[in-house]
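Scroll down for the structure; my scribbles are underneath it.
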Amino acid sequence: MNSQAVLVDTHVHYNDPGFAHDLETVRERARQAGVAAAVCVGYDVPSSRRAVMLAGQYPDVYAAVGVHPHDAAGMTPRAWEGLRLLAGSDRVVALGEIGLDFYRDLSPRDLQRQVFWQQLQMAHELQIPVVIHDRDAHAETMATLKEFPGLSGVVVHCFSGDRRMAEECLGRGYYLGIDGPLTYPKNRDLAEIARAVPLDRLLLETDCPYLSPQPWRGKRNEPAYLQAVAERLAELRGLTKAEVASATTANAIRFFSITL
Ligand SMILES: [Zn+2]
Ligand SMILES: [Zn+2]
């Protein structure tokens, strides 16, 4: 290992075609940068299958399987069957990413709602945590989640709500996922939230290949850049990066029941 603080990237899309040609090098750079493990998150059935495959292949990769609101319209009975099977696979640590996206509305909202609800039901039955995608759908996402008080864990990934929503999440025992946008100078609201919430409820994530931290904005994101998010969080909270790393890594291990 190296002298850098050990992190877990709790939300990557290694299953994205953008990583197909150089995943070995990307994982090596992650390792060099102290990112010891990553949760590869599905967004439709084929990408979920690929996440499970990668998790079976690499000891530093875990899988989450699920259908993103963008892809809700593609859920045929056969796709549901496939998802259900995948959800029971080895090294699947969560159902995700699931939720509502009223910003891009790539699937009709009624279908988004239905597919979200059915996946929450599935996570509840299987007693695995959920990775929530919520874009411009805060009130409805929170209302829907409230119908499922028995979920084994909830992280609102790439948290973009306000202070009130953050408090509501914390009150219900949810975790907040913090990504590259924390490093954007104009993102003062997120900085304020990341400074104030209990450290034991934060999960660090890149959402790569999207959302590169400030120094790499506009380029493909990758887990090695997670150190920049940890650094910014440490700066905001007046802690060392090692302190932030050890707390958030412990959170990831606890939330996803993984081992490093
Ligand atoms: Zn997302
Ligand atoms: Zn994502």
Side-chain angles (χ1 to χ4, degrees), residues 7-16 37-45 47-52 54-55 61-72 75 83-84 86-89 91-101 112 115-135 137-138 140-142 144-148 150-161 165-166 169-170 172-181 201-211 221 223 226 229 248-249 251-258:
L7 297 174
V8 174
D9 191 339
T10 60
H11 194 117
V12 307
H13 295 295
Y14 280 163
N15 43 1
D16 184 281
V39 179
C40 182
V41 179
Y43 41 90
D44 58 10
V45 176
S47 64
S48 296
R49 186 169 295 122
R50 191 157 160 72
V52 169
L54 293 169
V61 179
Y62 290 88
V65 301
V67 176
H68 192 285
H70 289 344
D71 298 285
M75 286 311 278
L83 181 64
R84 179 92 208 188
L86 287 170
S89 309
R91 293 177 70 80
V92 168
V93 294
L95 209 79
E97 55 184 298
I98 64 176
L100 301 169
D101 193 314
Q112 292 190 35
V115 168
F116 183 29
W117 202 90
Q118 278 183 250
Q119 291 182 99
L120 288 171
Q121 191 69 46
M122 195 186 287
H124 183 253
E125 280 166 30
L126 297 171
Q127 278 299 296
I128 53 175
V130 289
V131 177
I132 300 298
H133 173 100
D134 153 41
R135 189 137 186 228
H138 302 328
E140 204 172 320
T141 299
M142 291 302 282
T144 310
L145 285 169
K146 207 171 185 176
E147 294 181 53
F148 293 88
L151 288 168
S152 75
V154 176
V155 55
V156 181
H157 114 84
C158 194
F159 185 80
S160 62
M165 179 174 166
C169 286
L170 297 168
R172 296 189 198 175
Y174 301 171
Y175 286 65
L176 309 183
I178 304 289
D179 317 50
R201 292 301 187 74
L202 295 179
L203 292 173
L204 299 187
E205 52 177 59
T206 55
D207 201 11
C208 64
Y210 313 107
L211 296 176
N221 196 7
L226 191 62
V229 181
T248 55
T249 295
N251 297 345
I253 290 172
R254 182 171 66 245
F255 184 85
F256 291 106
S257 309
I258 59 177

Side chain to side chain donor-acceptor pair (under 3.5 Å) involving [X] - partner list, sequence neighbours excluded:
X      : result
Ser160 : none
Asp71  : none
Thr10  : none

Could you grab the distance from atom [atom1] of [X] to atom [atom2] of [Y], nearest 0.5 Å is fine?
X      : Y      : atom1 : atom2 : answer
Leu211 : Asp179 : CG    : CG    : 5.5 Å
Met165 : Leu170 : CE    : CG    : 10.5 Å
Cys208 : Asp16  : SG    : CG    : 8.5 Å
His13  : Asp207 : NE2   : CG    : 4.0 Å
Thr206 : Ile178 : OG1   : CD1   : 13.5 Å
Asp9   : Thr248 : CG    : OG1   : 10.5 Å

Qualifying residues under ring pair (Phe, Tyr, Trp, His ring centres under 6.0 Å), relative to [X], sequence neighbours excluded:
X      : answer
Tyr14  : Phe19
Tyr210 : none
Phe255 : Tyr175
Tyr62  : none

[X] to [Y] - nearest heavy-atom pair and separation:
X      : Y      : value
Cys40  : Leu54  : SG-CD1, 4.3 Å
Val61  : Arg91  : O-NH2, 2.7 Å
Leu151 : Leu145 : CD1-CD2, 4.2 Å
Val155 : Leu176 : CG2-C, 4.0 Å
Asn15  : Tyr43  : O-OH, 3.5 Å
Pro69  : Ile98  : CD-C, 4.4 Å

Check whether any side-chain heavy atom of [X] sits under 4.5 Å from a side-chain heavy atom of [Y], and report yes or no.
X      : Y      : value
Val65  : Leu95  : yes
Leu83  : Met75  : yes
Val154 : Arg172 : no

Can a donor-acceptor pair be found, under 3.5 Å and without considering hydrogens, that links the side chain of [X] to the backbone of [Y]?
X      : Y      : answer
Glu205 : Cys158 : yes
Ser48  : Gly66  : yes
Asn251 : Leu203 : no
Gln121 : Trp117 : no

Just distance, no hydrogens or angles: give the donor-acceptor pairs under 3.5 Å from side chains in residues 122-134, sequence neighbours left out.
residue, atom, partner, partner atom, Å
Glu125, OE1, Arg84, NH1, 3.0
Glu125, OE1, Arg84, NH2, 3.3
Gln127, NE2, His124, O, 3.0
Gln127, NE2, Gly150, O, 3.1
His133, ND1, His68, NE2, 3.4
His133, ND1, Glu97, OE1, 3.1
His133, NE2, Asp101, OD2, 2.8
Asp134, OD1, Ala137, N, 3.1
Asp134, OD1, His138, N, 3.2
Asp134, OD1, His138, ND1, 3.2
Asp134, OD2, His138, ND1, 2.5

| field | For Ala63, side chain to side chain contact (heavy atoms under 4.5 Å, CB included) partners two or more places apart | value | Ala51, Val52, Ala55, Val92
